[in-house]
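All remarks here apply to the structure that follows.
Residue indices begin at 1 and follow the sequence shown.
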Amino acid sequence: MRYWLMKSEPDVYSIADLEQTPEEIWDGVRNYQARNFLRDMAVGDLAFFYHSNTKPPGIVGLMKIIEADIVDPTQFDQASQYYDPKSKPDDPRWRTVKVGYVETFKEQITLETLKATFGPEELLVVKRGNRLSVMPVDDAVAVKLLEMGQP
């Protein structure tokens, strides 16, 4: 099992939304490095749900990868903001995963707390200028985050 951090703006899709719909395709990722991380995910991996572009940003809960290597349907939907005219059904550019709700943390682990606890070499989300929406989390860091999420 591996650990990941996945970002979403809470006004677009929040941990509460995932809790209401216990599973969801994580669509719309259009960064090649983030896409490659999605390709590396396997069923059973855990992901920290991070609310971004909000005050304060931070980790709010946990989800599980319940299906891997899914073709992102939004790349073929001309009405979608994630439509990619260069992607072809017989050779799709964008793949994703389906996530399932695990838990909402009692208290958010804010970005400020993350920066005070981890260096950028330990946790990519605290690295200045990092804008990736999907990133791996080292096992030792994940264990500490799980402890922090359970006060």
Side-chain angles (χ1 to χ4, degrees), residues 1-10 12-53 57-77 80-84 86-111 113-115 117-127 129-150:
M1 179 179 63
R2 295 184 64 190
Y3 296 94
W4 306 90
L5 185 143
M6 300 169 73
K7 293 180 183 178
S8 180
E9 297 176 8
V12 175
Y13 192 77
S14 71
I15 189 89
D17 295 325
L18 181 60
E19 185 177 12
Q20 294 299 312
T21 317
E23 55 185 56
E24 188 69 47
I25 291 177
W26 200 266
D27 60 8
V29 173
R30 292 298 181 268
N31 172 286
Y32 287 104
Q33 188 175 9
R35 179 210 56 192
N36 292 343
F37 288 141
L38 286 166
R39 286 181 173 176
D40 290 342
M41 291 180 183
V43 172
D45 286 356
L46 292 176
F48 294 96
F49 198 124
Y50 183 96
H51 280 175
S52 62
N53 200 24
I59 296 172
V60 294
L62 196 62
M63 53 192 173
K64 181 181 275 195
I65 308 307
I66 59 173
E67 193 174 334
D69 197 31
I70 299 171
V71 173
D72 184 337
T74 61
Q75 66 192 309
F76 305 119
D77 180 358
S80 171
Q81 66 178 336
Y82 302 113
Y83 173 65
D84 183 348
K86 293 182 181 177
S87 190
K88 305 297 176 208
D90 59 338
D91 187 23
R93 287 181 177 201
W94 306 103
R95 294 194 172 274
T96 191
V97 297
K98 184 181 281 186
V99 296
Y101 176 82
V102 174
E103 70 177 310
T104 301
F105 291 162
K106 292 181 195 239
E107 292 185 27
Q108 177 187 38
I109 308 170
T110 65
L111 179 58
T113 300
L114 293 171
K115 286 180 177 181
T117 308
F118 303 103
E121 67 286 344
E122 296 173 291
L123 187 61
L124 284 174
V125 76
V126 303
K127 185 176 182 180
N130 178 32
R131 295 190 162 282
L132 284 176
S133 62
V134 177
M135 60 201 77
V137 176
D138 181 73
D139 289 355
V141 171
V143 168
K144 181 142 180 129
L145 289 172
L146 290 169
E147 290 171 0
M148 293 169 72
Q150 305 298 324

With sequence neighbours excluded, tell me which residues meet salt bridge (charged side-chain N to carboxylate O under 4.0 Å, His left out) with E19.
none
Check side chain to side chain contact (heavy atoms under 4.5 Å, CB included) between K88 and all other residues, then give those that pass, not counting sequence neighbours.
D90
Sorted by chain and residue number, the side chain to side chain donor-acceptor pair (under 3.5 Å) partners of T110 (sequence neighbours excluded) come out as T113
Kindly write out the residues that satisfy salt bridge (charged side-chain N to carboxylate O under 4.0 Å, His left out) with R35, not counting sequence neighbours, or none if the list is empty.
none
Which atom pairs, donor and acceptor, lie under 3.5 Å between side-chain atoms of residues 133-142 and protein residues at least two apart or in another chain?
unit_1	atom_1	unit_2	atom_2	d
D138	OD2	A140	N	3.2

Pairs in or reaching into residues 37-46: which pass side-chain hydrogen bond (donor to acceptor under 3.5 Å, both in side chains), with residues at least two apart or in two chains?
W4-D45
List for me each residue that meets side chain to side chain donor-acceptor pair (under 3.5 Å) alongside N36, sequence neighbours excluded, and say none if there are none.
none
Got a sec, which residues hit salt bridge (charged side-chain N to carboxylate O under 4.0 Å, His left out) with K98, two or more places apart in sequence or on another chain?
E23, E67
Contacts of F49 meeting ring-ring contact (aromatic ring centres under 6.0 Å, His included) (sequence neighbours excluded), chain-then-number -> W26, H51
Check side chain to side chain donor-acceptor pair (under 3.5 Å) between S14 and all other residues, then give those that pass, not counting sequence neighbours.
D17
Can you sort out the partners of S87 under side chain to side chain donor-acceptor pair (under 3.5 Å), two or more places apart, ordered by chain and number?
Q75
Which residues share a salt bridge (charged side-chain N to carboxylate O under 4.0 Å, His left out) with E9, sequence neighbours left out:
none
